[in-house]
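Order of listing sets the numbers, starting from 1, for every ligand and every atom in it. Atoms considered below: every heavy atom in the structure, side chains included; atoms not considered: hydrogens, waters and symmetry mates. Everything quoted here is computed from the prediction, not taken from an experiment.
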Amino acid sequence: MEQQRELIARRIAPVGLVATSDQELAALTPVAAPAAPRSGPQVVAQVCGACHASGMLGAPKSHDKAAWAAREKAAGGPDGLLKSAIRGKGQMPPKGGDPSLGEQELRDAIAAMR
Ligand code: HEC
């Protein structure tokens, strides 16, 4: 009897749940585990390399020391480069198009491309 009741309850359970407040929504939303930070080379392989490997759209090429040195000078130092990477510049979208990237990941990615 108890088992049958449970089966029926499961069969008529609502397909979707409606949250009418932020608290309700938070209760229904599984907490995403923070992703482990990616290394510089990983970020370059997954994101930045799409443009920086070939110099597409005028991006400074990976390991073109002269190009990166000139960029750093123009940007006012390593922090200037980081700022450009965060905000985006010209044809480069903010964070190279991956909003999940943190500041340290961007720093490491820039270091890996120089
Ligand atoms: C869609 C192509 C594209 C992707 C993806 C991309 N970039 Fe760029 N990046 C560019 C272009 C184009 C420039 C040159 C922008 C300009 O000077 O107008 C640039 C310039 C830069 C600069 C120099 C900024 C300056 O102040 O001169 C840095 C630093 C940089 N990118 C970091 C990154 C990092 C880190 C990633 C990966 C997280 C990344 N980029 C992904 C296209 C890209």
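- For the pair Gln104/Asp108, a side-chain contact is recorded, criterion being any heavy-atom separation below 4.5 Å from C-beta on.
- Of the possible donor and acceptor atoms, one in the side chain of His52 sits under 3.5 Å from a partner among the backbone N and O of Pro60.
- For ligand 1, the atoms lying closer than 4.0 Å to a non-hydrogen atom of Cys51 are 1 (C), 2 (C), 3 (C), 4 (C), 5 (C), 42 (C), 43 (C).
- Look at Met113 and you'll find a heavy atom under 4.0 Å from some atom of ligand 1.
- In this comparison of Gly88, Gly90, Cys48, the heavy atom closest to atom 36 (C) of ligand 1 sits on Cys48.
- Between Arg114 and Glu72, at least one side-chain nitrogen of the basic residue sits less than 4.0 Å from a carboxylate oxygen of the acidic one, meeting the salt-bridge criterion.
- Regarding atom 13 (C) of ligand 1, its nearest protein heavy-atom neighbour is Ala59 CA, 3.7 Å.
- Trp68 places a side-chain N or O within donor-acceptor distance of the main-chain N or O of Lys61, the cut-off being under 3.5 Å.
- Counting only heavy atoms of the protein, atom 5 (C) of ligand 1 lies nearest to Gly96 O, 3.4 Å.
- With Gln42 contributing its side chain and Arg38 its backbone, the two residues share no donor-acceptor pair below 3.5 Å.
- Against a heavy-atom cut-off of under 4.0 Å, Leu101 is close to the following atoms of ligand 1: 38 (C).
- Draw a line from atom 8 (Fe) of ligand 1 to NE2 of His52 and another to SD of Met92, and the angle between them is 170° (to 10°).
- No side-chain heavy atom of Leu101 sits under 4.5 Å from any side-chain heavy atom of Gln46.
- When Leu57, Val43, Val44 are checked for heavy-atom proximity to atom 12 (C) of ligand 1, Leu57 turns out nearest.
- Looking at Arg71 and Asp64, no side-chain N of the basic residue comes within less than 4.0 Å of a carboxylate O on the acidic one, giving no salt bridge.
- Residue Leu82 does not touch ligand 1, judged by heavy-atom distances below 4.0 Å.
- At a 4.0 Å heavy-atom cut-off, ligand 1 touches Pro60 through the side chain alone.
- Looking at atom 15 (C) of ligand 1, its nearest protein heavy atom turns out to be Lys89 O, 3.5 Å.
- Proximity of Glu103 to Leu82: side-chain heavy atoms (C-beta onward) are separated by under 4.5 Å at one or more points.
- Only the side chain of Ser84 comes within 4.0 Å of ligand 1, counting heavy atoms alone; its backbone N, CA, C and O stay farther away.
- Between Arg71 and ligand 1, at least one pair of N/O atoms sits closer than 3.5 Å.
- Contact annotation: the side chain of Cys51 never approaches that of Met92 to less than 4.5 Å [non-hydrogen atoms, C-beta and beyond].
- Taking a cut-off of under 4.0 Å to the non-hydrogen atoms of Leu106, the atoms of ligand 1 that pass are 38 (C).
- Neither the backbone nor the side chain of Lys83 has any atom closer than 4.0 Å to an atom of ligand 1 (non-hydrogen atoms only).
- A 4.5 Å side-chain heavy-atom check between Pro37 and Glu105 finds at least one atom pair inside the cut-off.
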